[in-house]
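This report concerns only the one structure given below.
Start at 1 and go down the list; that is how both ligands and their atoms are numbered. Reckoned from all heavy atoms, side chains included, excluding hydrogens, waters and symmetry mates.
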Amino acid sequence: MAEKFDVVIIGAGAAGLMCAAEAGKRGRSVLVVDHGKKPGRKILISGGGRCNFTNYDVAAGNFVCRNPHFVKSALSQYTNWDFISMIAKHEIAFEERDHGQLFCEESAKEIVAMLLAECDLPTVQQRYQVDVHGISKTEGGFSLKLNTDLVECESLVVATGGLSMPKLGATPFGYQVADQFGLKMVPTTAGLVPFTLHKEDKEAFAELSGIAIPALVEAEDGTTFRENLLFTHRGLSGPVILQISSYWTPGQKVTVDLLPDLGLEETLNTMRDKHPNQSLKNSLSRLLPKRLIEVLIERGDLVDKPLKQFNPKEITAMANYFHQWTIAPNGTEGYRTAEVTLGGVDTDELSSKTMEAKKVPGLYFAGEVMDVSGWLGGYNFQWAWSSGFVAGQHA
Ligand code: FDA
């Protein structure tokens, strides 16, 4: 005989736990299953162990989704302020960092503990190390064949996340469920991920590994971010690169303003007037890391000579070079290091008000499994909280 629940949630991550707590508070009998040993594994390692759980400024524009309006309803039904209230209720100390990002002062463990406390209801059961071997539609809902037993439910919530960080239990399970029920998918790819470079660039810039510079980066679609760029052994990283990676597709270039706070042409002209015999290398090394300038000279991108030997046209060209440094990434580091997965279950298939599949009553999706990913800065968790909350109100 199958055990019966009102709601079964697959995935005890951020969205699944939020959904379980909300459905449980409505008096629904809830079973959460996860194939991992413990809940919230991504929460625990997020934000360097401090979890950047939301942001003071949240708007639809902070999310990447083929339908930019889809996120609006859930984000207004459960806002960043609602989550901050929950944090306050559980007396979790938090701090604001740059760009309104909110982190735990102590540990991400507190977020998982808070969600588990919210789920600590007679109506909610959690089971770990459970594999779902099959799902079938029944008259009253769904039947799930687990490795342990058979369960039935009226509503099924898929909150299995994206593909990033397979080491933490990421699987394509949610996409397979969507496929089983005939729901369209938006092709998936790694987002918020470092770029790798072509051999020549990689070899030239590898020795700059560890050097960070403030930069303004632009994707070919005109999206820009301004943050630190970090050279790594494999290519380029740092917050500005992670952000722009979500707007980049293979074969495209990105344009980097390496001196976003400076009019370089004017600065170089002033330097040439005051110190005509100073070398280009020494002049630019006052503005940018010396090793970067040396590498650019070694590559033949710049010619090192006294400033007085540069004519105005050459100065203009050099200023343009630094303000529009163009890089053609070879690719990204992929799901191994990506923070999120772009693409997923097509939001056209889902009700933005309830997260229910339009053509499969009782089937819900929550969190990163769908074609919604946020910017760096707490937006991905906010989407997990908002979509999990909404699914929990209706499942
Ligand atoms: P999530 O991945 O959290 O949970 C999915 C759950 O489903 C997991 O518990 C998994 O084990 C389970 N599961 C998967 N397949 C299954 C199967 N077949 N059967 C059973 N269970 C299955 N975001 C942010 O806003 N601020 C931050 O600071 C960070 N930091 C960060 C760091 C790193 C290293 C990564 C990889 C990611 C982040 N993120 C982030 C992104 C954030 O972690 C992510 O968007 C959310 O965890 C998504 O929540 P979900 O609940 O949708 O999936």
Side-chain angles (χ1 to χ4, degrees), residues 8-20 31-55 58 62-64 80 83 94 97 99-104 108 111-112 115 126-135 144 146-148 157-177 190-194 239 242 246 333-342 344-345 355 364-389 391-392:
V8 169
I9 300 168
I10 309 176
L17 291 175
M18 178 57 111
C19 181
L31 172 67
V32 192
V33 295
D34 198 294
H35 68 161
K37 278 190 191 151
K38 54 181 189 179
R41 283 178 291 173
K42 274 196 191 161
I43 301 174
L44 293 172
I45 57 134
S46 67
R50 297 264 168 85
C51 185
N52 177 196
F53 53 81
T54 191
N55 196 290
V58 176
N62 303 121
F63 296 85
V64 184
N80 47 344
F83 194 76
F94 64 93
R97 298 198 194 156
H99 311 292
Q101 304 173 86
L102 301 184
F103 286 76
C104 296
I111 301 291
V112 176
L115 293 168
Q126 298 164 46
R127 293 184 197 161
Y128 293 92
Q129 293 182 288
V130 170
D131 291 315
V132 183
H133 289 314
I135 300 172
L144 283 83
L146 309 179
N147 58 336
T148 44
V157 183
V158 180
T160 46
L163 294 172
S164 30
M165 299 240 168
K167 271 204 290 198
L168 290 176
T171 71
F173 183 84
Y175 311 143
Q176 289 155 5
V177 177
L192 298 182
V193 63
L242 301 188
S246 295
E333 289 188 8
Y335 294 119
R336 191 179 56 82
T337 59
E339 276 202 18
V340 288
T341 301
L342 302 170
V345 179
M355 302 295 138
Y364 294 79
F365 289 83
E368 203 185 307
V369 68
M370 67 183 93
D371 171 36
V372 174
S373 22
W375 289 5
L376 200 69
Y379 299 101
N380 284 294
F381 280 132
Q382 185 58 45
W383 178 247
W385 316 137
S386 295
S387 59
F389 174 90

* Listed partners of E333 passing salt bridge (Lys or Arg N to Asp or Glu O under 4.0 Å), at least two apart ->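 Here the qualifying residues are R234, R336.
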
* **Listed partners of R127 passing salt bridge (Lys or Arg N to Asp or Glu O under 4.0 Å), at least two apart** =>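 Partners of R127 by the salt bridge (Lys or Arg N to Asp or Glu O under 4.0 Å) criterion, ordered by chain and then number, come out as E3, D149.
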
* To do: Determine, using ring centers only, whether W385 and F389 are less than 6.0 Å apart.
  =>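 No - the distance between ring centres of F389 and W385 does not fall below the 6.0 Å cut-off.
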
* How would you list, by chain and number, the residues with a heavy atom under 4.0 angstrom from ligand 1? ->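 Protein residues near ligand 1 are I10, G11, A12, G13, A14, A15, D34, H35, R41, K42, I45, S46, G47, N52, A159, T160, G161, M165, G169, T171, F173, A338, E339, G367, E368, G378, Y379, N380, F381, A384.
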
* Asked: Quick one: side chain to side chain contact (heavy atoms under 4.5 Å, CB included) partners of A190, sequence neighbours excluded?
  ->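 A190 satisfies side chain to side chain contact (heavy atoms under 4.5 Å, CB included) with V193, T332, Y335, A338 once adjacent residues are dropped.
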
* To do: Would you give the length of the straight line joining atom OG of S386 to atom CZ of F83, rounded to the nearest 0.5 angstrom?
  =>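 Result: 10.0 Å between the selected atoms.
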
* Report yes or no: does D131 contribute a side-chain atom to a donor-acceptor pair with the main-chain N or O of H35 at less than 3.5 Å? =>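 Side chain of D131 to backbone of H35, a donor-acceptor pair under 3.5 Å: no, none is there.
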
